[in-house]
*Asks:* 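Quick one: the structure is below, and I'll ask about it shortly.
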Amino acid sequence: MKSPVAEPGTIVADAAEADGPLLSVRDLSVTFRAESLVRAVRTVSYDLAVGEQVGLVGESGSGKSAGALALARLLPEYADVSGTVTLDGTNLMRLTERELREVRGDQIGIVYQDPFSSLNPVLTIGKQLAEVLRKHKRLGARAARRQAAQLLGSVGVPNADDRLSDYPHQFSGGMRQRAVIAMAVAPRPALLIADEPTTALDVTVQAQILELLDELTSQHRTTMLLITHDLGVVAGVTQRVMVMYAGRIVESSTTADVFTRASHPYTVALHRSLPRIDLRQERLVTIEGQPPDPTRPAEGCPFAPRCPSRIDRCATEDPPLMTIPTARRATAGGWNMTSIQDADGVQVPGPASPHLTACWNPPAPVGGLSERGSTP
Amino acid sequence: MSADKGKSPVLVMVEDLRVWFPAGKGPSTGRRGFIKAVDGITFSVHRGETLGLVGESGCGKTTTARAILKLLDPTEGRIRFDGVDLSTVSRRELRLIRRRMQPVFQDPFSSLNPKRTVERIVAEPLVIHRQGTTAERKARVSELLDTVGLPPDAAGRYPHAFSGGQRQRIAIARAMALQPDLIIADEPVSALDVSIRAQILNLLSDLQDQFHLTYLVIAHDLALVRQVTDRVGVMYLGKLVELRPTEDLYRAPLHPYTVALLSSAPIPDTQAEATRQRIVLEGDVPSPADPPTGCRFHTRCWLRQKLGDPDICSAEAPALAPVQDRGASGVVACHFPEAVEDSHERRETLVALTGSRASSPSEGTTP
Ligand SMILES: Nc1ncnc2c1ncn2[C@@H]1O[C@H](COP(=O)(O)OP(=O)(O)O)[C@@H](O)[C@H]1O
Ligand SMILES: Nc1ncnc2c1ncn2[C@@H]1O[C@H](COP(=O)(O)OP(=O)(O)O)[C@@H](O)[C@H]1O
Ligand code: SF4
Ligand code: SF4
Ligand SMILES: [Mg+2]
Ligand SMILES: [Mg+2]
């Protein structure tokens with residue numbers, strides 16, 4: 001259940017009263033200076049509003065993690081990051097390392113795929129929870145210890161009191177992820193980034209963790225960016241979805257739209273190529289070729305080599321995100337980048353934005369997996 | 001796929017297989033115990049069929065596969081390949097049998113030697129089993145590369161020059177080199193990009209048709225398992241709890257654990273996700289070093305709770321019994337399968353999976 005009001009006095013409630021989005025990302029690019037330059041994220045822009053749960057979906061290597069880590073400036077030195085990231089009115093790109101440390105944890109919580117990366121193996125779970133509470137909620141040592149048990153219980157760890165003295169390796173995978181979630185949400189961050197939080201878990205545990213994330217973020221009106229390669233995962237938890245391919249957002253809409261009226265050829269192909277749990281298909285539809293090499297970004301649309309809807313201009317012009325009617329006019333010819341921007345302005349995915357697609361020739365909207373029970 | 005595969009001859013027979021690994025001292029007893037990774041499972045794989053094994057990690061799927069491949073010795077029980085008992089087989093015979101069953105592993109990055117050309121990798125089984133002359137092997141490698149959809153010039157290159165999907169093709173070419181009867185594929189696509197999984201799954205299916213292969217496929221993705229298998233065995237804590245023709249399992253599961261697995265699977269449908277009622281299994285899978293008494297699932301079973309904790313669940317291990325009497329085929333290990341059939345939990349789960357109440361599946365279909 002979504003609770004409509006935030007708890008008074010929290011950072012979240014303050015942000016809710018402010019105008020505009022909680023998080024605003026503009027032209028974010030990430031390039032790793034590895035052996036060759038890896039263009040991991042390429043001019044990505046989007047807004048997240050207070051209390052939204054938004055999915056960021058794409059296959060491995062599409063730039064999801066790099067883009068998310070860049071938000072909290074957690075990337076290594078050899079990553080070049082450009083663009084702006086504004087959280088609750090503050091441009092995070094301008095903060096000093098010290099200021100950033102405050103923001104991380106206090107305002108941005110992060111849950112990674114591997115809970116061990118957030119835990120210290122030689123400290124008990126109780127110590128680590130208490131430390132978070134002390135630091136971010138400014139509690140005394142005793143109060144922090146008392147609240148740690150409560151916190152651990154609140155994320156569904158049974159016998160929380162007894163388990164505070166356990167070390168991370170004594171927890172099962174699912175319980176460890178619960179503990180990490182507890183630590184991430186304890187300071188009541190305005191934004192929770194969950195990067196493949198259930199990918200390493202079994203389905204029965206995955207279902208529990210997704211439910212927990214949904215519950216906690218709804219309860220506190222925390223904005224959640226849920227990152228996953230698994231389309232199924234976002235269906236139950238998010239209201240909006242952004243699809244990434246080759247470092248760009250290629251489609252953005254409500255979650256329901258992305259499942260029932262997918263518009264970008266990549267999203268459409270992905271839907272069709274997935275095995276379905278509700279029926280056995282005669283033969284899976286394949287997407288030929290493979291994702292592009294991020295060290296050699298090609299001219300034009302990154303999906304062009306694999307795209308069944310490709311037209312001439314796809315080879316030379318990389319399509320921006322546009323509304324579907326605009327994309328249709330672009331197909332008909334005569335529309336170039338300048339005229340698109342003149343007509344509609346640059347389209348940025350956000351809570352109120354229409355269905356957007358980065359495609360010069362989107363096929364008629366196609367239902368994906370959710371047109372179910374129709375074919376035998 | 002033909003519905004008759006279940007009636008074709010048995011290629012692999014697994015009888016009461018147990019694989020126990022020595023474990024550290026138990027906390028309560030102080031005695032050295034065992035991790036009962038596989039603890040008494042019986043099933044067969046028929047020629048030409050694809051049998052799937054599913055279950056949460058640690059339930060013993062990979063250990064079962066390794067026992068069949070004779071990469072480890074059973075603690076107890078027997079495995080027969082084409083009638084030959086692997087525990088008493090002579091070395092010579094074992095060599096011949098090893099040629100006939102080949103593994104494909106999850107991770108094509110670690111399973112290929114980075115210092116060898118693709119040609120050497122694919123030819124390796126031919127060399128080990130002294131098949132053909134150098135020239136013949138070369139020709140066979142080109143043929144194999146073509147079969148799995150790799151260009152001829154792949155032969156001279158090294159694994160790192162290939163993407164994950166192409167590497168899995170190389171691994172499949174190597175597995176095919178000796179014209180095996182059986183391929184054991186352990187999570188064959190879970191390490192691959194989502195957009196190329198279908199390519200590999202279709203390739204496996206084409207190879208099966210072309211070369212009359214038998215598959216044992218291990219996977220945790222229930223959608224994938226429905227797509228590629230003829231029959232499915234569901235494992236829990238070292239035991240088989242249900243083994244059914246695939247369509248029966250998905251349309252009319254009979255074990256509470258199978259229902260719970262289906263109920264947990266994410267559905268790419270916002271409507272279904274918004275309205276479905278999930279069965280939430282409490283707690284974690286218990287340790288295979290100290291499995292629960294009676295039915296191993298009893299500590300987490302939703303049905304047992306609903307039936308008011310009948311003693312038999314914790315006292316007596318249910319046998320894997322045929323389900324013919326309810327007009328279905330296969331076997332299930334639960335004391336109360338009829339209560340599963342009548343449960344609203346199962347009804348809700350199936351409704352969510354199929355998307356609509358109207359097209360809710362027919363119960364207990366037989367293929
Ligand atoms: N620390 C790093 N150093 C060099 N390259 C990196 C690093 N992290 C990610 N990359 C590269 O950047 C691209 C995007 O990676 P990532 O954001 O991790 O993708 P995703 O999270 O979508 O799987 C990939 O090509 C990846 O290899
Ligand atoms: N070589 C080994 N030594 C000790 N324990 C093992 C070994 N291999 C597997 N196990 C244990 O046996 C159980 C079953 O493992 P496995 O067959 O790999 O399960 P699955 O493939 O279903 O995930 C697990 O508890 C695992 O930790
Ligand atoms: S822009 Fe062209 S190549 Fe790219 S997805 Fe659209 S139709 Fe395909
Ligand atoms: S035997 Fe009892 S505990 Fe086991 S699955 Fe059946 S109802 Fe559940
Ligand atoms: Mg990632
Ligand atoms: Mg395994």
Side-chain angles (χ1 to χ4, degrees), chain A residues 58-61 158 172-175 198 201-208 210-211 229-238 245 254-260 266 269-281 283-291 293 306 368-374, chain B residues 1 55-59 163-166 191-202 205 220-229 246-247 250 257 260-274 276 278-285 300 352-356 358-360:
Chain A
E59 59 197 293
S60 70
S172 69
M175 289 301 155
T198 60
L201 305 174
D202 282 310
V203 281
T204 59
V205 184
Q206 163 166 292
Q208 299 167 6
L210 290 174
E211 208 151 287
H229 68 279
D230 184 346
L231 276 166
V233 162
V234 296
V237 188
T238 64
Y245 188 78
T254 61
T255 308
D257 261 4
V258 168
F259 284 105
T260 54
Y266 169 66
L270 206 54
H271 274 310
R272 289 195 173 143
S273 77
L274 292 175
R276 298 167 55 152
I277 196 163
D278 60 330
L279 61 87
R280 179 193 198 122
Q281 291 147 279
R283 190 177 170 78
L284 295 174
V285 180
T286 56
I287 308 179
E288 293 311 318
Q290 62 214 39
D293 179 350
R306 311 173 78 185
L369 289 158
S370 38
E371 264 182 9
R372 300 171 340 132
S374 49
Chain B
M1 312 255 151
E56 290 172 281
S57 62
C59 69
S163 66
Q166 288 172 317
L192 305 180
D193 281 337
V194 188
S195 75
I196 59 164
R197 288 181 185 173
Q199 295 174 11
I200 298 299
L201 294 175
N202 283 350
S205 151
H220 67 279
D221 178 344
L222 291 163
L224 181 153
V225 168
R226 184 169 201 170
Q227 179 67 27
V228 304
T229 63
T246 304
E247 282 306 299
Y250 285 82
Y257 180 61
L261 277 182
L262 291 172
S263 166
S264 303
I267 305 175
D269 178 324
T270 44
Q271 200 72 39
E273 281 290 348
R276 83 193 292 201
R278 277 211 165 87
I279 299 169
V280 178
L281 288 185
E282 272 160 39
D284 295 314
V285 181
R300 301 171 79 206
L353 284 189
T354 48
S356 71
S359 67
S360 87

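In the text below, chain A, chain B and the rest are named by the order of the sequence lines, each starting its count at 1. The shown structure was predicted, so the numbers you read here are calculated from the model rather than taken from an experiment.
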*Asks:* Closest approach of A235(A) and I267(B), non-hydrogen atoms and distance?
*Replies:*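 Looking at all heavy atoms of both residues, the closest pair is CB-O, 3.3 Å.
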*Asks:* Of the non-hydrogen atoms in T270(B) and F259(A), which two are nearest, and what is the gap between them?
*Replies:*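 Heavy-atom minimum between the residues: CG2-CD1, 3.8 Å.
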*Asks:* Do any N or O atoms from the side chain of R280(A) and from the backbone of T229(B) form a donor-acceptor pair under 3.5 angstrom?
*Replies:*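 Yes, because the side chain of R280(A) sits within donor-acceptor range (under 3.5 Å) of the backbone of T229(B).
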*Asks:* Run the side-chain hydrogen bond (donor to acceptor under 3.5 Å, both in side chains) test on T354(B) and D278(A) for me, step by step, so that the C-alpha distance in whole Å, both residues' side-chain angles and the decisive distance to 0.1 Å come before the verdict.
*Replies:* CA-CA 5 Å; T354(B) 48; D278(A) 60 330; over 6 Å; no
*Asks:* Hey, could you give me the CG/OG1 distance between D269(B) and T255(A), rounded to the nearest 0.5 Å?
*Replies:*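 Separation between the atoms: 12.0 Å.
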*Asks:* Go through I287(A), D293(A), T238(A), V234(A) and name the one with the most non-hydrogen pairs under 4.5 angstrom from chain B.
*Replies:*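 Greatest number of close heavy-atom pairs with chain B: I287(A).
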*Asks:* In the structure I gave you, are the side-chain heavy atoms of I277(A) and Y250(B) within less than 4.5 Å of one another anywhere?
*Replies:*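 Yes; the side chains approach each other to less than 4.5 Å.
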*Asks:* Should R276(A) and Q227(B) be marked as a side-chain contact (heavy atoms from CB on, under 4.5 Å) after you check the CA-CA gap, both sets of side-chain angles, and the distance that decides it?
*Replies:* CA-CA 7 Å; R276(A) 298 167 55 152; Q227(B) 179 67 27; over 6 Å; no
*Asks:* With only heavy atoms counted, which part of L224(B) is less than 4.5 Å from chain A, the side chain, the backbone, both or neither?
*Replies:*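 Both backbone and side chain of L224(B) come within 4.5 Å of chain A.
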*Asks:* Quick check: does any side chain N or O of R278(B) sit under 3.5 Å from a backbone N or O of A207(A), one acting as donor and the other as acceptor?
*Replies:*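 A pair under 3.5 Å: no.
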*Asks:* What distance separates L201(A) CG from S264(B) OG, expressed to the nearest 0.5 Å?
*Replies:*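 Atom-to-atom, L201(A):CG and S264(B):OG are 12.0 Å apart.
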*Asks:* If you count heavy-atom pairs under 4.5 Å with chain A, which of D193(B), N202(B), V194(B), I196(B) comes out on top?
*Replies:*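 Of the options given, most contacts go to N202(B).
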*Asks:* With a 4.5 angstrom heavy-atom cut-off, could you sort out which part of Q166(B) is near chain A: side chain, backbone, both or neither?
*Replies:*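 Just its side chain gets close to chain A.
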*Asks:* Give me the atom names and distance for the closest heavy-atom approach of R306(A) to S195(B).
*Replies:*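 For R306(A) versus S195(B), the nearest heavy atoms are NH2-OG, 3.0 Å.
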*Asks:* How long is the span from the CG atom in L274(A) to the CZ atom in R197(B), to the nearest 0.5 Å?
*Replies:*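 The CZ atom of R197(B) is 8.5 Å from CG of L274(A), to the nearest 0.5 Å.
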*Asks:* Evaluate R300(B) against T204(A) for side-chain contact (heavy atoms from CB on, under 4.5 Å), listing each step before the verdict.
*Replies:* CA-CA 11 Å; R300(B) 301 171 79 206; T204(A) 59; 4.0 Å; yes
*Asks:* Go through the atoms of V280(B) and report whether side chain, backbone, both or neither lie under 4.5 Å from a heavy atom of chain A.
*Replies:*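 Contact with chain A is through the side chain of V280(B) alone.
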*Asks:* Using a 4.5 angstrom heavy-atom cutoff, name the option from Q290(A), R283(A), Q208(A), E211(A) with the most pairs to chain B.
*Replies:*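 Option with the greatest count: R283(A).
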*Asks:* Atom CZ in R226(B), atom CD in Q281(A): separation rounded to 0.5 Å?
*Replies:*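 Between atom CZ of R226(B) and atom CD of Q281(A) there are 10.5 Å.
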